[in-house]
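Structure record follows, encoded as structure tokens.
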Amino acid sequence: MVCGMDVSYRGVRGAGAAVVLSYPDLKILEKKVAFRSVVVPYTPTFLAFREMPFFTALMRRLEMRPDVFMIDGHGTYHPVFCGSASHFGVVFNVSTIGVAGGLMGLEGEVKDGGTILLKGRRVGMAIRDGKRGVYVSVGHKMSLDLAASIVRGCIRGHRKPEPLFLADSISRGAIRGELHGQ
DNA sequence: GCGACAG
DNA sequence: ATCTTGTCGC
């Protein structure tokens, strides 16, 4: 089972969504949403501090035990090799994969074909389906090759792999729905 | 319609 | 990430 997690915002309010899918058939097994008010502003390379409260709430609500978590953000592709996907994996001691739509332009960053090197370390891979692709990096307890293989196995005709595509649309629908309930 | 993308 | 509106395309 693979679980996609993402957070959508509307002003100070945010909605986090976790979607558990079977693998490799990608059938939805569980969905959870958690609302919170954010207190931490967004600062590049510190995304985890803003999103962890949502992930923690979602982990409390999840009933299933996914084998791997897919996070909308980077893993080892980070100044200190610890992006939000890594941070989350370490805190909960689970396997994680970071998937993001773009690079940040970090110091010591080199693109070697589809491979991303950071200060000489192989920290990411570009995975493309159509015109634009996504960047995959290891979060925690996972090899880059397996992470890339799993992400490829979750692509279903969208730029983002299905677990994140679903978590993204569910969290967006949830935060917009909260507006209508006020 | 839904998703991608311009901007 | 979000705001907003239209257009192109499957």
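The figures that follow rest on heavy atoms only: side chains count, while hydrogens, waters and symmetry mates do not. Each chain gets a letter, A, B and so on, in the order its sequence line appears, and its residues count up from 1.
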Cation-aromatic face contact A/R156/A/F165, 6.0 Å, 45 degrees:
no

Stepwise side chain to side chain contact (heavy atoms under 4.5 Å, CB included) check, A/I97 with A/V151
CA-CA 8 Å; A/I97 298 172; A/V151 170; 3.9 Å; yes

Pair A/M1-A/K27, side chain to side chain contact (heavy atoms under 4.5 Å, CB included): steps then yes or no:
CA-CA 9 Å; A/M1 295 182 277; A/K27 298 295 180 189; over 6 Å; no

Rounded to whole Å, how long is the line connecting atom CE of A/M104 with atom P of C/dA1?
14 Å

Quick one: A/D72 CG to C/dT2 P, roughly how many Å, whole number?
10 Å

Within residues 151-170 of chain A, those residues having any heavy atom closer than 4.0 Å to DNA chain B are A/H158, A/R159, A/F165

Under 4.0 Å between a Lys/Arg side-chain N and an Asp/Glu carboxylate O for A/E109 and A/K111?
no

C/dA1 and B/dG3, which share atom name P, separated by this distance in whole Å
15 Å

Which is true for A/R13 with a 4.0 Å heavy-atom rule: it touches a base, it touches only sugar-phosphate, or it touches nothing?
nothing

Cation-pi, A/Y9 ring and A/R172 (6.0 angstrom, 45 degrees)
no

Check this for me: A/F46, atom CZ, are more than 12 non-hydrogen atoms of other residues, nucleotides or ligands nearer than 6.0 Å?
no

I need the CD-P distance between A/E51 and C/dA1, as an integer number of Å.
9 Å

Return the value, rounded to whole Å, for the distance between atom CZ of A/R172 and atom P of B/dA4.
10 Å

